[in-house]
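Numbering of residues begins at 1 and proceeds along the displayed sequence.
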Amino acid sequence: MRELFNLTEKYGFTAPLVCIDADFDFTAFTRLCNSLNVSTTTTAMASNIFIALQSIEEKIGSLDYVGEKIDKKITVIRHHLNLLEKRGLVQSEFITTDPIRKRRGKLFQLVIPSGKTLSSQTLSKDDEVDKFQLVASDTVSNISVYQYDDNARFLELKIVRYLVKAMRTNRKDASSKISIEVKNRPNEKPIKITARAEAGRLMYLPDLSYYAGTITWLVSHIKTLLKTDEPIGETYTLPLEPIIALSKNVNMDEASGGGYITNAIASLHRISGTTFDMTNLASHVSATSIKELELFYKMFRLEAIVTFNDERGTEKKAAVIQFPQSTIQNIVEAIKQNRIVKELLLFDSDLFSTNNEVEILFSLWAREQLVTGSYKQRLFTWNELRESVAPTSSLPEFKRKFSNVMIANADPDYKANIDERVSGKITDKIGTTHLSGKSSNEKVVEYGRSTIQGFLINIGYSREHGCPIISFRRDMSGIMIRSSIGSNL
């Protein structure tokens, strides 16, 4: 019989106790609860226990402690733990927390049972109707749909790396479905992403500003919860005015305007109503038994818009939002590591001050390339760059909008060495940038150099390739880096 006197000395805990492992996979646990027809009430109790134990370093606490945290009687908690034990989802053992009399008590542990344990479960008569072949949990527990992203470094890297490329870049686009392929690794199938709208239009790229606002607010709120040792859940009621102020860089007085409120609610609806289906992910999972993996991802789920009167009697609105568990877990870990919001996200409200959607997408692409270290010096044709940065945009739209970004950030000291084969195409010169195209809506850079998001970018005709080439180099703070085709740029 194990002696757990240290818990009594440190926390004042006495048996009965409940615990989880430090790396306990609660997502896999709830998946098994559903598979084994565990009631929603019992599953919810397990969730409350899991959350309550997060505030204890050892991930173990007395039923008295848990009961106070979740406002439930010990008898109710014990009842649900016994039900989970019958399903193999809880293991119990006798321990003692009494250093004098060494009275026997019980320790309950939430567990993910082995395949053998699951297969030996006895089904009741009510369950026999829904008999199914159980999957061994040691197989299930090896599946992590987040392994293809570096969540240890960024909160939602997959949003920047993949999902933004399947969002609408044209405000007038009425699409309810977009399918694209994103090349990730040379020798693997491209990841296929399909964005689907439940109702109305798909998420529009600038809607991301509201997502950044909600995350910024959420980080601050969870910091407060951690300081007061309160449970960390997944659903929160967010006041709209602070979210708008954070999203649009406006003050609170402006944020209360009807136009801002209406636009914010519409954006939250589009974010919540868009699901991203991702396939060809099997190569990103470590489990060799997995042949294919399809992920269905929502950035968050909007549950309600609440209208209420504040302490002054002024009518206000708030949004009730449920965030993915991975988002909450990453925020908690980041706070514990004393990381700031800008280190969690590769995007913020400043990024959305422009109306140029391609500029937003390029900025996101550039930040991900630089910060993750995935950038490699290379050359792009116009279409190759479009496929990497903004695959949902048309090539003419991409060239025109990216050209606008080049013009706005042009190097005043640049001197173009124009190839005779291209000189006849040039119709205009703005500063040091040479362009082709007759109307203002058709202007495309033929020769130019700019510094954008940490990159020194050259555009010019390459005789070797027989077409315009876009080259990228890290901005080395004034150190000139010559391109292999520099003589023609």
Phe276/Tyr297 aromatic ring centres below 6.0 Å: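 Ring centres of Tyr297 and Phe276 not closer than 6.0 Å.
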
Sub-6.0 Å ring centroid separation between Phe362 and Phe402: yes

Aromatic plane relationship, Phe50 with Phe26 - under 30° parallel, 30 to 60° tilted, over 60° perpendicular: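 Parallel, since the angle between the ring planes stays under 30°.
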
Flag side-chain contact, heavy atom, 4.5 Å: Val164 against Trp365: no

Under the side chain to side chain donor-acceptor pair (under 3.5 Å) test, residues paired with Thr228 that sit two or more places apart: Glu230

More than 12 heavy atoms of other groups within 6.0 Å of Asn309 CG: yes

Atom NZ of Lys316 with >12 non-hydrogen neighbours under 6.0 angstrom: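 Yes.
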
Note: [X]-[Y] ion pair, threshold 4.0 Å (strictly below):
X      : Y      : answer
Arg196 : Asp277 : yes
Lys298 : Glu198 : yes
Asp207 : Arg270 : yes
Glu384 : Arg386 : no
Glu442 : Arg400 : no

Could you go through residues 428-438 and list every donor-acceptor pair under 3.5 Å that involves a side-chain atom there, pairing it with any protein atom two or more places apart or in another chain?
| residue | atom | partner | partner atom | Å |
| --- | --- | --- | --- | --- |
| Thr432 | OG1 | Asp411 | O | 2.7 |
| Ser436 | OG | Glu446 | OE2 | 2.7 |

Test side chain to side chain donor-acceptor pair (under 3.5 Å) applied to Thr381 and Asn383, step by step: CA-CA 5 Å; Thr381 64; Asn383 197 49; 6.0 Å; no

